[in-house]
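In what follows, a single structure is set out as structure tokens and then discussed.
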Amino acid sequence: MFSALKQPAVLRQDALASLVVFLVALPLCVGVAVASGVPAELGLITGIVGGLVVGAMPGSTFQVSGPAAGLTVLVFEAVREFGLGMLGAIVLVTGLLQLALGALRFGRWFRAISVAVVHGMLAGIGLVLLFGQLYTMAGVKQPRSGLEKIAGVPGLAVDIATDRAALTAFAVGAGTIAVLVLWKKLPGKAQLVPAPLVAVALATAVTAAGGLDIANVEVKGLFDAIQPPGMNDLTSLGSVAVLGTVLAFTLIASAESLFSAAAVDRMHDGPRTHYDKELLAQGVGNTLCGVLGALPMTAVIVRSAANVQAGAKTPLSRVLHGGWLLLFAVLLPAAIGVIPLAALAGVLVHAGCKLVPVKEIGPLWREHRGEAVILGITAIAIVTTSMFEGVVLGLLLAVVKSAWETSKIQVDVRELTDGRMTVTLSGNATFLRLPRILETLEALPQDRPIELDLTPLRHVDHACRTALENWAARHNDADTEPVRLRHAQLTPAA
């Protein structure tokens, strides 16, 4: 990074890239904070820390960190359940846990999380975010649960149609979404200006010029918004509910950051991400955000992609973007207060739609139906229960599916000329396949000599070994030769 300071061309390119990332990050930092139910400045603080602190640390060269739409629903639920004061304590412990995981070299293991679970997690978040922000677009209070948000849409439509104020606000939000969608269809030079910035700026200008009476973002000031966790907040961290939230923050923030790193690495030919160092960097960032009482941070694919596409050469671009956010928050805080909430809600509705992997579902269903089922169940569980429960269910299903697919067993029954029968088991014998194995064995005649050949097995777990030995001991009649077992050097049960 410091080498860029000695190369004017690289410095100029990084400075230009940092401005592009800043313009993308600004509306998203504010929008994510508002959607999370916290002061807008807390989103900017997380973006500043993500740039100035995490951006200067080793790990990923071009990845940009800050508040992410993927954590919006979880933060909103945490603030509603535990209060704003607890948010800093939860984020602080999340950061410390990430530091521990990074020090123990767990970064690489987050890459082993099933892609179906991650896509299901993002789809569930996207659906809750999408339907929740529809209410904010209309200036109506959101229902509490994901199901209530979806079930309340017909009533919301009636409110919008019958209430002029709600219709006006919703029109501003819908116009913001239209700009975001249509901006990509413009010539390439126009797209140098980030679509979220254009959409929010146009909505703000239209609202001001038309004198529209709709709610704007509330501004407290950067330093007034900082709320370090108090002793009462720290002592409350021992409850099961809070610890579950901490684990959910840690899992989702870490997985999203490292999956984002893998995606960003595919966009450039520069240095590859060191996953353990990146996890440590995220831990430092979240620890500092927790001390400041700000939002949790993750690496964000939208800002990271903008950084790469803008031609960044070194990590200096992401550090500078944090500097621009700091200057804006300090010098122009009043500019945030003129932004309509409906416009930010429109940006997040658009972001929520992009989190739902619509294009991937069809091919996934055709080629890997089990993965598609896990994706759908994870998403539905998040919408109907909570983020943490949905993700845990998805992970459990992925493990069960993997265990089922790897425990393939072949049962071959042969009758020899002398009346004896040979049963050969091959493959991996685990408890998941035990019902099928026992059904076949118990259907064998009890008055015939039987030899059970286990030598072709690559692995047998304790449950299967015990069940097979018990079957062999009791199967044959008293007047028939006992079942003979042929063992091999099997992989011991874990």
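Hydrogens, waters and symmetry mates are skipped; everything else that's a heavy atom, side chains included, is used.
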Under a 3.5 Å distance rule, please check whether [X] uses its side chain to pair with a backbone N or O of [Y] as donor and acceptor.
X	Y	answer
Asp276	Gly107	yes
Thr406	Ala403	yes
Arg369	Glu367	no
Gln133	Val349	no
Tyr135	Lys149	yes
Gln227	Gly85	no
Ser304	Val300	yes
Asp265	Thr273	yes
Ser36	Val38	no
Asp14	Leu11	no

Take a 6.0 Å sphere around [atom1] of [X] and say whether it holds more than 12 heavy atoms from other residues, nucleotides or ligands.
X	atom1	answer
Lys277	NZ	no
His274	NE2	yes
Glu218	CD	no

Tell me, do [X] and [Y] make a side-chain contact under 4.5 Å, heavy atoms counted?
X	Y	value
Val319	Leu52	yes
Phe249	Val246	no
Ser254	Gln282	no
Thr46	Pro296	no
Leu99	Leu280	yes
Leu42	Ile45	yes
Leu348	Val32	yes
Leu375	Glu371	no

To the nearest 0.5 Å, how far apart are [atom1] in [X] and [atom2] in [Y]?
X	Y	atom1	atom2	answer
Thr287	Met297	OG1	CE	10.0 Å
Leu292	Leu288	CG	CG	5.0 Å
Thr61	Arg272	OG1	CZ	8.5 Å
Leu202	Trp183	CG	CH2	7.5 Å
Phe82	Leu87	CZ	CG	11.0 Å
Lys354	Leu130	NZ	CG	13.0 Å

Nearest heavy-atom pair of [X] and [Y]: which atoms, and what distance?
X	Y	answer
Val54	Ala281	CG2-O, 3.5 Å
Ser317	Ala312	OG-CB, 3.3 Å
Gln63	Ala299	CD-CB, 3.1 Å
Pro340	Asn216	CA-OD1, 3.4 Å
Glu278	Ser60	OE1-N, 3.0 Å
Trp324	Ala15	NE1-O, 4.4 Å

Worked verdict on Thr378 versus Leu393 for side-chain contact (heavy atoms from CB on, under 4.5 Å): CA-CA 7 Å; Thr378 303; Leu393 177 60; over 6 Å; no
Test log, rule side-chain contact (heavy atoms from CB on, under 4.5 Å), inputs Met137 and Ile177: CA-CA 11 Å; Met137 278 176 58; Ile177 297 173; 4.0 Å; yes
Full working for side-chain contact (heavy atoms from CB on, under 4.5 Å) between Ile336 and Leu44: CA-CA 11 Å; Ile336 303 173; Leu44 289 173; 3.3 Å; yes
Derivation and outcome, side-chain contact (heavy atoms from CB on, under 4.5 Å), residues Leu295 and Val91: CA-CA 7 Å; Leu295 289 174; Val91 176; over 6 Å; no
